[in-house]
Amino acid sequence: MINVGDSIPSVWFNYRQDDDWQSFNTHESWAGKRVLVFALPGAFTPTCSSQQLPGYEELYNDFQEAGIDEVYCLSVNDTFVMNAWFELQGVENVKALPDGNFEWTSRVGALVEKGNLGFGKRSWRYAMVINDNVVEHVFAEDDMRDLADTDPYEASAPQNVLEALTDSE
């Protein structure tokens, strides 16, 4: 997996906003910004829906106070799934980052096979802080591997990430 001090990959993300296709490039959009990206196995899944996404949304202002400009939720899902999930969850601040082709996920080394659960290729659960396109912090769950029968959720929890950011100030 990508490490602290590494430059992030330059990836184009395509997404739907209202009825229009939009796109942005990580290097162009995140240059000069401090962003937080948290990744999860899938939209509409239990831990992701009940804890992770709502937790980041709830602490959004606290992350901004800790110097984060934008918070993104990445999943190996398409934009329509991500948009429907965010709407159902009532998310207003965190931005959806649909990685349906798992280009970002594979380039940062977080792509895992979850075919044993019927998911196919997905992202391992992690969070990372990116400062001007350089990785500043990585909060990856332990024991990343293909065909895992568990789905750890501790290191990338929003409370843990926020605590680490506020302790380092």
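Note that the structure is predicted; figures quoted are calculated from it, not measured.
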Closest non-hydrogen contact found for A148 with N116 is O-ND2, 3.2 Å

Considering non-hydrogen atoms only, spot the tightest contact between S75 and M82 and give its length. CB-SD, 3.6 Å

Do M128 and Y56 sit in the same hydrophobic cluster, where Ile, Leu, Val, Met, Phe, Trp and Tyr count as joined when their side-chain heavy atoms come under 4.5 Å apart? no

Looking at R16 and D18, is there a salt bridge between them, counting it only when a charged N and a carboxylate O are closer than 4.0 Å? no

In Å and rounded to the nearest 0.5 Å, what is the CG to NE2 distance from L165 to H137? 5.0 Å

Contacts satisfying side-chain hydrogen bond (donor to acceptor under 3.5 Å, both in side chains) that involve residues 20-32 (not counting sequence neighbours) are S10-N25, W30-Y72

Determine, step by step, whether S7 and N133 satisfy the side-chain hydrogen bond (donor to acceptor under 3.5 Å, both in side chains) criterion, reporting the C-alpha distance in whole Å, the side-chain angles of both residues, the deciding distance to 0.1 Å, and the verdict. CA-CA 6 Å; S7 294; N133 291 328; over 6 Å; no

Between V129 and Y126, is there a shared hydrophobic cluster once you connect ILVMFWY residues whose side-chain heavy atoms come closer than 4.5 Å? no

Heavy-atom side-chain contact between N77 and P98 under 4.5 Å: no

Out of curiosity, K95 NZ to F86 CZ, how far, rounded to the nearest 0.5 Å? 11.0 Å

4.5 Å side-chain heavy-atom contact, T150 and R145: yes

Quick one: name the residues clustered hydrophobically with L117, using the 4.5 Å side-chain heavy-atom rule over I, L, V, M, F, W, Y, and just say none if it's on its own. F119

Test side chain to side chain contact (heavy atoms under 4.5 Å, CB included) on V71 and F38 and set out the steps. CA-CA 8 Å; V71 178; F38 67 96; 3.9 Å; yes

Examine V37 and Y60 and state if one hydrophobic cluster contains both, with Ile, Leu, Val, Met, Phe, Trp and Tyr joined whenever side-chain heavy atoms are less than 4.5 Å apart. no

What distance do N14 atom CG and D99 atom CG have between them, rounded to the nearest 0.5 Å? 11.0 Å

Is the closest side-chain heavy-atom distance between P158 and L59 below 4.5 Å? yes

Who else is in F102's hydrophobic cluster (ILVMFWY, side-chain heavy atoms under 4.5 Å, direct or via others)? V76, L111

I'd like to know if the side chain of N3 reaches the main chain of D6, judged simply by a donor and an acceptor atom lying under 3.5 Å from each other, with no hydrogens or angles considered. no

Checking Q89 side chain against V91 main chain: does a donor-acceptor pair fall under 3.5 Å? no

As a quick check of understanding, evaluate side chain to side chain contact (heavy atoms under 4.5 Å, CB included) for K33 and D132, giving each step before the final call. CA-CA 5 Å; K33 293 182 182 175; D132 196 21; over 6 Å; no

CZ-CG distance between F63 and D69, expressed to the nearest 0.5 angstrom: 13.5 Å

Could you report the tightest heavy-atom contact between F44 and W85, atom names first, then the distance? N-NE1, 3.3 Å

Verify, without hydrogens or angle tests, whether N101 (side chain) and E103 (backbone) share a donor-acceptor contact under 3.5 angstrom. no

Backbone N or O of G42 within a donor-acceptor pair of the T45 side chain at under 3.5 Å? yes

Report the distance from atom CD of E141 to atom CH2 of W124, rounding to the nearest 0.5 Å. 8.0 Å

Note: M1 and A140 closest approach over all heavy atoms is SD-CB, 3.6 Å

Using modelled atom types only, decide if a donor and an acceptor are shared between the side chain of E70 and the backbone of R34 within a distance under 3.5 Å. no

Could you give the distance from CG (L40) to CG (L74), rounded to the nearest 0.5 Å? 7.5 Å

Pair L36-Q64, side chain to side chain contact (heavy atoms under 4.5 Å, CB included): steps then yes or no: CA-CA 10 Å; L36 168 61; Q64 286 202 307; over 6 Å; no

Residues, nucleotides or ligands: over 12 heavy atoms within 6.0 Å of N160 CG: yes

Would you say that more than 12 heavy atoms from the other residues, nucleotides or ligands in this model lie under 6.0 Å from the CG of D143, or not? yes

Nearest heavy atoms of N131 and E136, plus distance in Å: ND2-OE1, 2.9 Å

Between P41 and K114, the two heavy atoms sitting closest are CB-CE, 4.2 Å

State plainly whether one hydrophobic cluster holds both I8 and F13, where clusters connect Ile, Leu, Val, Met, Phe, Trp and Tyr through side-chain heavy atoms under 4.5 angstrom apart. yes

Salt bridge between R125 and D151, side-chain N to carboxylate O under 4.0 Å? yes

Decide whether L97 and I68 are clustered together by the hydrophobic rule: side chain heavy atoms of Ile, Leu, Val, Met, Phe, Trp, Tyr closer than 4.5 Å, transitively. no

